[in-house]
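Encoded as structure tokens, the structure appears first; notes follow it.
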Amino acid sequence: MKGAELLEGETDLAWLAGEGGNALRAIEESSGVRVDARGNKVLLEGAAADVERVRVFLRELAVLRERGQALQPVDIRHAARAFFRDGENLAAIFQEVVLVAPNKRPVSPKSATQLRYVQAMRANDLVLGIGPAGTGKTFLAMAMGVALLTQKRVSRIILTRPAVEAGERLGFLPGDLYDKIHPYLRPLYDALYHMVDPDRVAKLVERGTIEVALLAYMRGRTLNDSFVILDEAQNSTTEQMKMFLTRLGFDSKAVITGDVTQIDLPSGRASGLIEAAQVLREIPGVETVRFTERDVVRHELVQKIILAYERHAAQGRKAAAPQPGAADAGASA
């Protein structure tokens with residue numbers, strides 16, 4: 001049954017029509033309802049039940065804005081997907097705000113899994129974030145680290161990752177140590193620059209308040225009063241992971257992120273991340289948060305690409321599995 005409803009004067013919804021109408025299109029794509037906003041008037045056209053859900057969604061957005069939540073079109077897209085597809089409570093997700101710096105926009109989760117991740121980092125000294133690319137694992141960990149540094153709850157941020165691609169050939173790369181390892185650490189810098197002005201980052205790095213290094217250089221150290229992020233941890237070996245885990249000192253937190261579907265270790269080498277998730281699962285103060293393609297916050301094509309690869313892998317496993325009766329047929333032959 002089709003329905004049409006005109007919302008007028010309930011709240012100021014003119015902002016929905018801004019930014020080229022991207023927010024409106026995101027709502028329409030997720031809900032199947034046509035949304036036309038003009039000033040304080042919003043026309044909803046579609047199935048009656050869907051129109052009512054959009055009405056509820058718009059009310060929740062209005063409440064968030066009244067609470068001071070700055071919502072950009074990209075936020076509306078994620079919020080619409082979470083609400084209409086996953087049935088998630090927007091207030092519960094967006095109320096968890098990470099204040100990275102006084103002059104920067106606060107960072108907030110975009111899905112229920114991201115919310116659990118942020119809460120896990122607040123509550124535990126060691127958190128493992130495991131899932132596909134684009135789910136915000138590194139970005140949210142960086143936001144938490146910057147927030148704790150700003151609040152003076154830690155005295156430094158340490159960012160590290162393995163450089164599997166370089167291996168023993170690192171010494172043959174041109175330049176000094178910084179030039180050699182910088183390409184492997186660029187993704188960490190990208191997230192950091194989003195939250196801290198580049199000039200300030202340079203000063204913090206120069207003072208050692210922010211330290212960026214390859215995992216190999218963590219050996220023998222004790223990391224006190226620090227927020228430590230181990231990125232791309234699926235490419236750490238068992239020995240490297242154990243070495244890293246035993247670096248954690250007093251008043252420190254560590255976040256380990258990785259995607260176990262993108263392991264670049266040589267054939268036959270076990271991923272330290274997979275093993276750590278199994279070994280540490282019963283230890284108090286350690287929490288593992290697992291993301292799926294539903295948590296991807298990059299271009300919507302990324303989610304579809306991840307699903308396509310998962311289907312392809314599943315088909316390959318099915319084709320490689322022994323077929324029932326094959327052994328018996330071979331024996332009788």
Side-chain angles (χ1 to χ4, degrees), residues 19 22 68-75 77-78 96-110 114 117-118 121-122 127 129 133-163 165-166 170 173-218 221 223-233 235 252-259 296-299 302:
E19 301 291 340
N22 289 333
Q69 181 74 46
L71 296 172
Q72 304 299 321
V74 66
D75 298 320
R77 180 174 297 278
H78 297 316
E96 188 73 49
V97 175
V98 182
L99 301 173
V100 292
N103 62 335
K104 292 291 184 178
R105 184 184 171 209
V107 173
S108 62
K110 302 295 187 292
Q114 288 195 356
Y117 187 50
V118 171
M121 288 188 286
R122 293 195 193 280
V127 175
T135 50
K137 305 182 300 295
T138 302
F139 186 82
L140 288 172
M142 189 71 73
M144 185 61 67
V146 172
L148 293 179
L149 182 67
T150 301
Q151 298 163 17
K152 301 187 184 304
R153 294 173 57 186
V154 297
S155 63
R156 58 180 174 168
I157 299 174
I158 299 175
L159 314 173
T160 184
R161 66 186 300 184
E165 301 89 343
L170 191 64
L173 295 176
D176 58 17
L177 179 61
Y178 176 84
D179 295 327
K180 294 174 189 292
I181 68 175
H182 186 73
Y184 299 99
L185 304 171
R186 184 70 206 186
L188 296 173
Y189 277 108
D190 289 342
L192 189 57
Y193 289 150
H194 188 87
M195 301 164 202
V196 182
D197 293 331
D199 290 342
R200 178 163 168 74
V201 170
K203 292 177 181 177
L204 292 173
V205 170
E206 185 177 351
R207 293 203 302 259
T209 304
I210 295 178
E211 180 182 345
V212 187
L214 293 180
L215 181 58
Y217 299 106
M218 293 293 104
R221 301 181 60 184
L223 308 176
N224 293 319
D225 197 23
S226 304
F227 189 90
V228 192
I229 300 173
L230 171 55
D231 194 37
E232 299 290 347
N235 288 329
S252 291
K253 286 178 176 282
V255 180
I256 300 172
T257 69
D259 178 2
V296 170
V297 291
R298 290 181 184 167
H299 194 291
V302 174

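As the structure is a prediction and not an experimental result, all values here were calculated from the model. Just the heavy atoms: all of them, side chains too, but no hydrogens, waters or symmetry mates, feed the values below.
- Going from atom OG1 of Thr257 over to atom OH of Tyr117 covers 5.5 Å, rounded to the nearest 0.5 Å.
- Between Asp190 atom CG and Thr138 atom OG1 the span is 11.0 Å, to the nearest 0.5 Å.
- Considering CD1 of Ile157 and CD of Glu211, their distance stands at 11.5 Å, rounded to 0.5 Å.
- Between Phe227 and Val255, some side-chain heavy-atom pair lies under the 4.5 Å cut-off.
- Between the side chain of Ser226 and the backbone N or O of Ser252, no donor-acceptor pair lies under 3.5 Å.
- Here the CZ-CG distance, from Arg161 to Asn235, works out to 8.5 Å after rounding to the nearest 0.5 Å.
- Here the closest heavy-atom approach between residue Arg153 and residue Asp225 is recorded as O-OD1, 3.7 Å.
- Of all heavy-atom pairs between Ala147 and Val98, the closest is CB-CG1, 3.7 Å.
- Side-chain contact between Lys253 and Met121: absent, with no pair of heavy atoms (C-beta onward) separated by less than 4.5 Å.
- A distance of 7.5 Å separates CG in Asp231 from CE in Met142, rounded to the nearest 0.5 Å.
- Smallest separation of non-hydrogen atoms from Thr209 and Ser155: CG2-O, 3.6 Å.
- The main-chain N or O of Thr150 is never found under 3.5 Å from a side-chain atom of Lys152 such that the two would form a donor-acceptor pair.
- With a 4.5 Å cut-off on side-chain heavy atoms, Met218 and Leu230 do not count as touching.
- If you take NZ on Lys110 and OG1 on Thr135, they are separated by 13.0 Å, rounding to the nearest 0.5 Å.
- Taking 4.5 Å as the limit, some side-chain heavy atom of Val107 sits within range of a side-chain heavy atom of Phe139.
- In Arg221, the CZ atom is crowded: over 12 heavy atoms of neighbouring residues, nucleotides or ligands sit closer than 6.0 Å.
- In this structure, Gln151 places its CD atom where more than 12 heavy-atom neighbours from other residues, nucleotides or ligands lie under 6.0 Å away.
- Taking each heavy atom of Thr160 and Leu214 in turn, the nearest pair found is OG1-C, 3.2 Å.
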